[in-house]
Chemist: 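Starting off with a structure, shown below.
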Amino acid sequence: MASKLLRVVILGPPGSGKGTVCQRIAKNFGLQHLSSGDFLRQNIRASTEIGVIAKKYLNQGLPVPDSLITRVMFSELETMKTQPWLLDGFPRTLAQAEAFDKICDLDLVISLNIPFETLKDRLNTRWIHQPSGRVYNLEFNPPHVHGIDDVSGEPLIQQEHDKPDAVISRLRQYKDVAKPVIELYKNKGILHTFSGTETNRIWPYIYTLLSTKITPVHPEDTSQAFCAEEH
């Protein structure tokens, strides 16, 4: 169990490696990884009131309204009062961030700043297992069998918004929506931005920052990574 009830949010555009970073944080520091996308999929599969409404928006290619996402997340966070957590995918918009601010004091916000061309390349080679949300990249995280999910054996798909024509507008839209959220947390003094093109090079710096806030439950040696950066 982590030694402090740390409250962390991770921000980053599609293709920024948020999922990988979240897995490493959860493993090394014992934080519960809470994904808004996972919670939304669970509600849709269970055909809850929120899930049914959300599915209608998604089927039309529309974003799920702030009020609906906020309801899902507040409901889940209510059950996490005694555990340290890492929030992924929420808040996405300023309205969500302002609503969240009224019920929770965050300790830390991690923002991943990845070059546009790197994001574009990653998204163009990204395939997903839609029922679970598992993500693969054909270049650096391919499935064992091409086009097939490692766990279920079901087919993978490339989402329409990950196809080349849609990626550019998707990334621009993220930048526009995320900018005021990033500014909000910057003004609060809790924003920490990490820039680079490779998750493995960014990770040691994130690990070091978190180590100043919470004792790792599974410590790792990042000194070699830092040496590699310097040479």
Side-chain angles (χ1 to χ4, degrees), residues 8-65 68-80 83-92 96 110 112 114 119-164 166-167 170-171 174 199-200 203 218:
V8 182
V9 161
I10 184 166
L11 304 174
S16 61
K18 282 202 310 295
T20 301
V21 171
C22 286
Q23 287 172 6
R24 293 183 183 184
I25 292 174
K27 176 186 173 184
N28 284 279
F29 294 94
L31 273 64
Q32 292 291 319
H33 175 202
L34 310 179
S35 163
S36 61
D38 286 349
F39 293 142
L40 207 53
R41 280 187 287 272
Q42 288 167 15
N43 275 270
I44 290 171
R45 280 198 298 269
S47 295
T48 65
E49 177 194 355
I50 289 174
V52 170
I53 298 170
K55 190 174 181 180
K56 289 179 181 177
Y57 282 94
L58 294 172
N59 286 345
Q60 296 175 58
L62 299 171
V64 178
L68 214 58
I69 292 287
T70 302
R71 274 177 63 191
V72 170
M73 296 312 299
F74 284 10
S75 173
E76 294 294 338
L77 290 171
E78 190 66 27
T79 68
M80 300 292 296
Q83 298 183 60
W85 46 250
L86 166 67
L87 203 47
D88 165 19
F90 180 89
R92 287 184 191 272
Q96 290 175 9
I110 295 168
L112 302 179
I114 313 299
L119 293 171
K120 199 166 68 167
D121 291 343
R122 287 181 184 177
L123 290 172
N124 286 341
T125 55
R126 185 162 88 158
W127 289 69
I128 72 158
H129 177 243
Q130 200 162 29
S132 68
R134 279 186 288 276
V135 177
Y136 298 86
N137 186 286
L138 299 185
E139 291 185 358
F140 59 82
N141 178 36
H144 297 317
V145 178
H146 183 73
I148 300 297
D149 177 48
D150 290 347
V151 178
S152 68
E154 294 172 344
L156 303 175
I157 65 164
Q158 186 175 42
Q159 295 177 294
E160 287 298 323
H161 59 216
D162 285 340
K163 293 179 179 177
V167 163
R170 186 182 176 201
L171 291 174
Y174 171 84
T199 301
N200 285 341
W203 168 246
H218 294 292

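Note that this is a predicted model, so its numbers are computed, not measured. Here, residue 1 is the first one in the sequence, and each next residue gets the next number.
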Chemist: Could you tell me if the side chain of Arg134 sits less than 4.5 Å from the side chain of Asp150, heavy atoms only?
Modeler: no
Chemist: Give, for atom CG of Asn124 and atom CG of Leu138, the distance between the pair rounded to the nearest 0.5 Å.
Modeler: 10.5 Å
Chemist: Once you round to the nearest 0.5 Å, how far does CH2 of Trp203 lie from CD1 of Ile25?
Modeler: 5.0 Å
Chemist: So which heavy atom on Asp88 is nearest to which on Cys22, and how close?
Modeler: CB-SG, 3.8 Å
Chemist: Is the backbone of Ser75 close enough, under 3.5 Å, to the side chain of Thr79 for a donor and an acceptor to pair up by distance?
Modeler: no
Chemist: Please name the pair of heavy atoms, one in Glu154 and one in Pro131, separated by the smallest distance, quoted to 0.1 Å.
Modeler: OE1-CG, 3.9 Å
Chemist: How would you list all residue pairs meeting side chain to side chain donor-acceptor pair (under 3.5 Å) that involve residues 46-57, not counting sequence neighbours?
Modeler: Asn43-Thr48
Chemist: Report yes if some heavy atom in the side chain of Tyr174 is under 4.5 Å from a heavy atom in the side chain of Leu11; otherwise report no.
Modeler: yes
Chemist: Looking only at non-hydrogen atoms, find the nearest pair between Ala26 and His33 and report the distance.
Modeler: CB-CB, 4.3 Å
Chemist: Shortest non-hydrogen contact from Pro14 to Leu119?
Modeler: O-CD2, 3.4 Å
Chemist: If you take all heavy atoms of Val167 and Lys120, which pair is closest and at what distance?
Modeler: CG1-CG, 3.8 Å
Chemist: Ignoring hydrogens and geometry beyond distance, is a side-chain donor-acceptor pair present between Asn200 and Arg24 at under 3.5 Å?
Modeler: yes
Chemist: Contact between Arg92 and Ser36 at the side-chain level, heavy atoms closer than 4.5 Å - yes or no?
Modeler: yes
Chemist: Could you tell me the separation between the CD atom of Glu76 and the CG atom of Asp38, rounded to the nearest 0.5 Å?
Modeler: 10.0 Å
Chemist: Which heavy atom of Arg41 sits nearest to which heavy atom of Gln130, and what is that distance?
Modeler: CD-O, 3.7 Å
Chemist: Does any part of the side chain of Met80, heavy atoms only, come nearer than 4.5 Å to the side chain of Leu34, both counted from C-beta?
Modeler: yes
Chemist: Would you compute the distance between atom CD1 of Ile148 and atom OH of Tyr136 and round it to the nearest 0.5 angstrom?
Modeler: 10.0 Å
Chemist: Give every residue pair that meets the side chain to side chain donor-acceptor pair (under 3.5 Å) criterion with at least one member in residues 8-23, sequence neighbours excluded.
Modeler: none
Chemist: Counting N and O atoms only, with roles assigned by atom type, does the side chain of Asn141 sit under 3.5 Å from a partner on the main chain of Val135, one being a donor and the other an acceptor?
Modeler: yes
Chemist: So, applying side-chain contact (heavy atoms from CB on, under 4.5 Å) with Phe39, which one of Ile69, Val72, Ile44, Ile50 is it?
Modeler: Val72
Chemist: Can you tell me how far NE2 of His129 sits from CG of Leu156, rounded to the nearest 0.5 angstrom?
Modeler: 7.5 Å
Chemist: Is any side-chain heavy atom of Leu123 less than 4.5 Å from a side-chain heavy atom of Leu171?
Modeler: yes
